[in-house]
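Structure first, commentary second.
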Amino acid sequence: MPDNMKSKTKLPAEVLVSWAAILDDIAKAAIIGIGVVVWSNGYGNEMKNLAIVGLTILAVALLYSSYLIRLYLSKQEDK
């Protein structure tokens, strides 16, 4: 990567840990939302399926982002 594209500032580890925790909490809320959608009676099956897929993708993306942050922090600790 060229030098002008590298970040000149580094975030403190505490900030990254808090962001990872926030992402985890949002992912948990999305997973709970899947359960609410499944048990709700006000929507048709197509809307339920769309909501389930969307919330599943959101939860997986957030958990993966949280994992990458934690992986980055563990590699920084190893150095």
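Here the CD1 atom belonging to Ile31 is positioned 12.5 Å from the CD1 atom belonging to Ile26, to the nearest 0.5 angstrom.
Taking both residues in full, the closest heavy atoms of Ser66 and Ala20 are given as OG-O, 3.4 Å, listed atom of the first, atom of the second, then distance. Taking both residues in full, the closest heavy atoms of Ser65 and Leu23 are given as CB-CD1, 3.8 Å, listed atom of the first, atom of the second, then distance.
When side chains are defined from C-beta on, Leu62 does not count as touching Asp24, because their heavy atoms never get closer than 4.5 Å. In this structure the side chain of Gln76 never reaches within 4.5 angstrom of the side chain of Leu16, judged on heavy atoms.
A continuous path of hydrophobic side-chain contacts links Ile22 to Val17 [ILVMFWY only; heavy atoms under 4.5 Å]. Cluster membership for Val60 and Leu63, using ILVMFWY side-chain heavy atoms within less than 4.5 angstrom, is not shared.
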message: Using side-chain hydrogen bond (donor to acceptor under 3.5 Å, both in side chains), reason through Arg70 and Ser74 one step at a time and then give a plain yes or no.
response: CA-CA 6 Å; Arg70 293 176 197 277; Ser74 69; over 6 Å; no
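As a member of the Ile/Leu/Val/Met/Phe/Trp/Tyr network built from side-chain separations under 4.5 Å, Tyr67 groups with Tyr64, Leu68, Leu71.
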